[in-house]
Amino acid sequence: MTARTPIYMLAVAMAVSLAPVNRHAGAADAQDAMRESAQPTVLRVGAKRELKRPSAAAEIARDGDVIEIDAGIYEGDAAVWRQHRLTIRGVGGRAHLRADGAQAEDKGIWVVKGNDTTIESVEFSEAKVEGENGAGIRLEGAGLTVRDCFFHDNENGILTGANAESDIVVEHSEFANNGFGDGQSHNLYIGRVRSFTLRFSYVHHALVGHNVKSRARRNTVTYNRIMDENDGRSSYAVEFPNGGLAFVIGNIIQKGPETENSTAVSYGAEGLQHPLNELYFINNTVANDRPGGGLFLFVKTGTDAARIVNNVFTGRGEVLSGPGEARNNVVAAKSAFVAPVNFDYRLKAGAAAIGRAIDPGSAHGFDLRPVAEYAHKAQKRARGGSGKLDAGALEYRRER
């Protein structure tokens with residue numbers, strides 16, 4: 001007993017001395033939990049607000065905050081957003097960030113360094129930097145959702161870095177006239193990220209560069225209008241330079257008479273660099289208005305799989321260069337559409353594409369049958385889920 005008593009007393013003394021520390025640590029943990037569960041702070045920006053410019057909000061925001069920017073034009077303002085889980089949105093209409101020479105870190109109008117950022121109802125224009133690749137949004141963090149935004153007349157619309165943990169979603173947005181004009185800058189340029197989704201968006205008139213360029217490991221490009229129209233000079237309409245898993249479904253894609261590149265869609269041209277390289281090109285309508293014709297779809301030799309099914313191709317050119325399983329596609333004259341001169345590619349009564357499609361099946365758990373279609377401008381509408389499926393991006397609808 002006498003030998004064990006000092007050890008026992010020492011243990012009791014240590015427990016007593018540590019108890020206050022544990023209580024303080026518990027209180028700190030509780031405070032952290034309360035902060036995490038609390039409602040986010042809403043920071044309001046506008047001409048009549050305490051915060052006059054978005055950059056002022058960027059300086060004081062904390063993780064999880066909501067920044068609401070009154071509709072209007074904000075000239076000469078640029079910002080770096082370092083916080084995580086921000087929601088930044090225009091209210092009462094779009095908030096227009098017109099660079100007018102302003103830039104952040106010589107990269108663009110907004111440089112997003114935080115993770116899991118959502119940006120809604122914001123317009124970005126005139127981003128220019130010394131490196132000739134100024135972006136409306138330059139993403140350096142992981143995770144970005146862009147909704148109901150308009151990017152125009154920038155050297156890049158959205159430009160992202162490489163991040164294997166980053167998922168990017170762009171929906172219901174418009175991109176126009178972005179690019180420096182050197183072929184190295186684009187309407188949308190997505191780096192080597194985990195996934196990229198583009199849906200229900202209007203992407204057009206890239207200046208010499210591509211309308212959509214993505215190096216993502218997984219790409220889902222669905223129900224968009226991607227066009228040069230009459231005077232656009234883009235290179236590729238859609239490019240996946242390094243392959244990856246790509247689902248391209250229900251898009252209206254058009255190459256114009258002034259295009260800089262005779263190929264509409266390119267897959268793997270710079271080398272297949274992902275563990276899985278498969279292309280599913282399903283129920284798209286692709287028009288080539290280039291007088292000299294061209295190529296609708298290029299697929300790199302060595303691609304694991306390329307399934308080209310239920311598409312409608314119109315205009316001069318070769319449908320496919322490279323490997324691929326091409327089934328049940330329709331080559332149609334311009335007379336099969338309601339008003340192709342106005343880029344209205346709805347099917348006319350009696351068009352061969354009506355009821356022509358087959359069930360495209362699924363791949364990697366993704367249903368390849370189109371369930372929606374693009375509605376102009378940057379909207380969506382449901383596509384019939386029963387009965388015979390029409391080929392192409394737009395199902396036939398009887399005039400009422």
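Residues His152 and Glu123 have side chains that bring a donor and an acceptor to within less than 3.5 angstrom of each other. Remark: the Asp153 side chain and the Ser125 side chain contain no N/O donor-acceptor pair separated by less than 3.5 Å. If you check the side chains of Asn178 and Asn187, you find a donor sitting under 3.5 Å from an acceptor. Side-chain polar atoms of Asn133 and Ser185 form no donor-acceptor pair below 3.5 angstrom.
With contacts defined as side-chain heavy-atom distances shorter than 4.5 Å, the pair Arg89/Glu68 qualifies. Counting heavy atoms from C-beta outward, Leu347 and Leu394 have side chains that stay 4.5 Å or more apart.
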Full working for side chain to side chain contact (heavy atoms under 4.5 Å, CB included) between Val319 and Leu297: CA-CA 6 Å; Val319 168; Leu297 179 60; 5.7 Å; no
Salt bridge (charged side-chain N to carboxylate O under 4.0 Å, His left out) evaluation trace for Glu155 with Lys128: CA-CA 6 Å; Glu155 291 172 338; Lys128 303 180 189 303; 5.3 Å; no
Full working for salt bridge (charged side-chain N to carboxylate O under 4.0 Å, His left out) between Lys334 and Asp289: CA-CA 10 Å; Lys334 291 293 180 66; Asp289 292 327; 2.6 Å; yes
Side chain to side chain contact (heavy atoms under 4.5 Å, CB included) between Val221 and Asn251, intermediate numbers included: CA-CA 8 Å; Val221 178; Asn251 301 282; 3.8 Å; yes
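Of the possible polar contacts, none joining the Asn342 side chain to the Pro340 backbone as a donor-acceptor pair under 3.5 Å is found. Judged by distance alone, the side chain of Ser201 and the main-chain N or O of Ser173 form a donor-acceptor pair under 3.5 Å. Of the possible polar contacts, one joining the Asn284 side chain to the Gly250 backbone as a donor-acceptor pair under 3.5 Å is found.
Atom CD of Glu325 sits in a crowded spot, with more than 12 heavy atoms from other residues, nucleotides or ligands closer than 6.0 Å. By the neighbour-count criterion of 12 heavy atoms within 6.0 Å, atom NZ of Lys380 is sparsely surrounded, having that number or fewer from other residues, nucleotides or ligands.
The aromatic rings of His186 and His210 lie parallel to each other, with less than 30° between the two planes, well short of the 60° mark. Using cut-offs of 30° and 60° for the angle between ring planes, the Tyr374 and Tyr202 rings count as tilted.
Ring centroids of Tyr223 and Phe200 are separated by less than 6.0 Å, placing the two rings close together.
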